[in-house]
Enquirer: 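Below is the structure I would like to discuss, written out as structure tokens.
Values below: all heavy atoms of this structure, side chains included; hydrogens, waters and symmetry mates excluded. Order of the sequence lines sets the chain letters (A, B, ...), proteins ahead of strands, with each chain counted from 1.
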Number of protein chains: 2
Amino acid sequence: MSLAETNSWTGIREELLRRIHEREWQPGEQIPHEADLAEEFGCARTTVNRALRDLAESGLVIRKRRAGTRVALNPPQKATLTIPVIREEVEALGRAYRHSLVFREMRPLPPMLHGAFQVALSDNVLFLKTVHFADDRPFAYEERHINLDAAPAARDMAFDTISANEWLVHNAPYSHGDLSLFAVNATDELAGVLDTVTGAALFALERITWTGDQPITHVRLVYAPGYRMRTDI
Amino acid sequence: MSLAETNSWTGIREELLRRIHEREWQPGEQIPHEADLAEEFGCARTTVNRALRDLAESGLVIRKRRAGTRVALNPPQKATLTIPVIREEVEALGRAYRHSLVFREMRPLPPMLHGAFQVALSDNVLFLKTVHFADDRPFAYEERHINLDAAPAARDMAFDTISANEWLVHNAPYSHGDLSLFAVNATDELAGVLDTVTGAALFALERITWTGDQPITHVRLVYAPGYRMRTDI
DNA sequence: AAAGATAATATGCATGCACATATTAATGTG
DNA sequence: CACATTAATATGTGCATGCATATTATCTTT
């Protein structure tokens with residue numbers, strides 16, 4: 001019991017972490033159950049439970065009722081990406097943000113998205129193309145479908161002062177969604193818009209959000225060359 | 001009070017979520033404090049606390065002592081990426097995994113990584129190039145530096161039966177790290193290894209892990225064309 | 001009125017207890 | 001011996017209570 005760490009749940013978590021990192025408890029090994037640890041640390045079982053729950057959330061230990069707690073064999077690398085509104089992302093870089101709506105029309109949903117959107121949509125879909133700038137240099141290119149059944153107010157929005165990206169965050173909160181990250185070669189159109197050469201490797205993401213079982217929006221975002229999405233693990 | 005949801009903390013969380021999603025509580029608005037909610041739901045304050053803590057973790061509400069709890073103005077889009085060991089990723093796709101160590105030598109750390117590794121390293125660095133296969137088709141290409149001061153046992157490992165990726169997870173647990181995701185064009189070498197054409201857009205990641213203040217490994221992973229990293233949000 | 005001390009308050013956390021639930025081990029039965 | 005039933009057990013959760021801590025509001029004092 002090396003440290004002066006008190007019997008706070010964070011203190012206990014640190015001690016448990018140490019034992020895992022320093023291999024006192026091997027991967028796959030079962031660790032003492034809550035009651036024993038509580039006695040050892042001289043605290044309530046609730047407090048040990050809190051520490052263990054936290055470790056389980058981060059994937060370092062696996063817990064099962066009756067079976068006990070064991071150190072994870074392959075602790076997954078979990079990384080929490082925070083994907084901010086693009087304006088905030090640009091401003092956090094200390095650069096001036098602006099955006100430009102380059103295309104807007106009502107159009108039927110492309111067949112490619114019928115599966116993703118999972119419902120029979122009328123033609124009540126708004127399609128937008130937007131370019132986001134940082135200090136007047138293109139930062140990202142956005143193609144977006146908005147389900148007007150889910151966000152009817154979007155029909156009357158110009159999206160010139162506030163971007164669809166930001167407007168939707170404030171006006172059409174979602175309950176869940178899917179995100180995928182990938183790389184694309186710049187097409188001629190993309191190269192022109194993002195001020196690069198055809199064929200350049202570009203970082204891209206696609207996101208679909210729902211509220212309940214109603215799809216709200218599908219967005220495909222392609223970042224300018226050199227973009228990196230970073231996070232701590 | 002619509003649902004039959006009991007006074008479990010998850011039930012209460014769902015009800016709070018509903019009020020936020022349906023705008024009963026506007027963004028930025030202060031919500032009743034724990035004691036009032038506990039009375040309304042007929043449960044203990046601890047239970048409300050648990051639900052609110054969960055919402056705060058996901059960024060939907062902001063909590064401050066004495067100041068109370070308010071609905072977040074710009075709920076950040078948080079996505080938790082789970083980056084598994086490549087073998088598991090491949091096997092989860094129902095494909096057969098194997099890997100091939102194509103290069104291995106002791107070499108000084110390249111200057112480019114001096115900053116990242118943040119310590120004056122001797123020449124005690126192992127450099128590896130590995131190709132990961134799924135059903136005999138290249139899946140990802142890996143370049144890795146291992147700090148042998150942090151993981152001395154790696155010096156004697158062949159990394160032919162078990163990949164460095166997996167060995168390090170089991171034998172050199174890290175306390176923290178940095179991850180970045182980006183896109184690269186296939187060089188001639190990459191194209192050859194990944195069975196694609198020069199210039200193809202490839203999804204890539206770089207990761208550095210430390211234990212305490214000692215760097216363990218730097219890895220650059222480039223996936224074969226078409227790869228998508230997916231997650232729920 | 002400005003600055004500093006003090007009180008009030010909402011969340012944060014620890015405790016002891018009880019009961020719920022999932023899972024495994026032990027037991028009984030054909 | 002195979003299979004279903006039952007008991008045992010570790011975690012999961014809820015509750016009442018008390019105190020800790022951060023932050024705001026209020027009340028001094030100069």
Enquirer: Is Thr46(B) close enough to dT13(D) that one of its side-chain N or O atoms is under 4.0 Å from OP1 or OP2 there?
Expert: no

Enquirer: Confirm from the modelled atom types if Arg45(B) and dG12(C) form a donor-acceptor pair under 3.5 Å, side chain to base only.
Expert: yes

Enquirer: Flag the pair Glu206(A) / Arg228(B) as yes when at least one side-chain heavy-atom distance between them is below 4.5 Å, and no otherwise.
Expert: yes

Enquirer: For Arg63(A), is there an ion pair with Glu34(A) - N to carboxylate O distance below 4.0 angstrom?
Expert: yes

Enquirer: Rounding to an integer number of Å, can you tell me how far Ile31(B) CD1 sits from dT11(C) C1'?
Expert: 12 Å

Enquirer: Side chains of Leu205(B) and Leu179(B), heavy atoms from C-beta outward: is any pair under 4.5 Å?
Expert: yes

Enquirer: Is any side-chain N or O of Arg66(B) under 3.5 Å from a base N or O of dA25(D), one able to act as donor and the other as acceptor?
Expert: no

Enquirer: From the list dT23(C), dA22(D), dT15(C), which nucleotide is the closest neighbour of the side chain of Cys43(A)?
Expert: dT15(C)

Enquirer: Both Trp9(A) and Gln30(B) contact DNA chain C. Taking the nearest nucleotide for each, which residue is further toward the 5' end?
Expert: Gln30(B)

Enquirer: Flag the pair Glu14(A) and Arg18(A) as a salt bridge only when some basic side-chain nitrogen lies within less than 4.0 angstrom of an acidic carboxylate oxygen.
Expert: no

Enquirer: Looking at dT21(D), does its base get a donor-acceptor pair with the side chain of Arg65(B) below 3.5 Å?
Expert: yes

Enquirer: Identify which nucleotide among dA14(C), dT13(D), dA10(D) has an atom closest to any side-chain atom of Arg53(A), counting heavy atoms from C-beta outward.
Expert: dT13(D)

Enquirer: What is the distance, rounded to the nearest whole Å, between atom NE2 of His33(B) and atom C1' of dA22(D)?
Expert: 17 Å

Enquirer: Which nucleotide wins on minimum distance to the side chain of Ser8(A), given the candidates dT11(C), dA10(D), dA14(C)?
Expert: dA14(C)

Enquirer: Would you say a side-chain N or O of Asn49(B) is under 4.0 Å from OP1 or OP2 of dC13(C)?
Expert: no

Enquirer: Taking atom C1' of dG12(C) as reference, at what distance in whole Å does atom CD of Glu57(B) sit?
Expert: 13 Å

Enquirer: Using whole Å, what does the distance between atom C1' of nucleotide dT15(C) and atom CZ of Phe41(A) come to?
Expert: 17 Å

Enquirer: In whole Å, I'd like the distance from the CD atom of Glu34(B) to the P atom of dA10(C).
Expert: 10 Å

Enquirer: Under 4.0 Å: is that the gap between some side-chain N or O of Arg50(B) and OP1 or OP2 of dT13(D)?
Expert: yes

Enquirer: I need the CG-P distance between Leu52(A) and dT13(D), as an integer number of Å.
Expert: 13 Å

Enquirer: Indicate whether OP1 or OP2 belonging to dA10(D) is found under 4.0 Å from a side-chain N or O atom of Thr69(A).
Expert: no

Enquirer: Could you check how far CZ of Arg70(B) sits from P of dT11(C), rounded to whole Å?
Expert: 11 Å

Enquirer: Whole Å only: how far is the CZ atom of Arg13(A) from the P atom of dC13(C)?
Expert: 10 Å

Enquirer: Quick one: are Ser163(A) and His132(A) in side-chain contact, heavy atoms under 4.5 Å?
Expert: yes

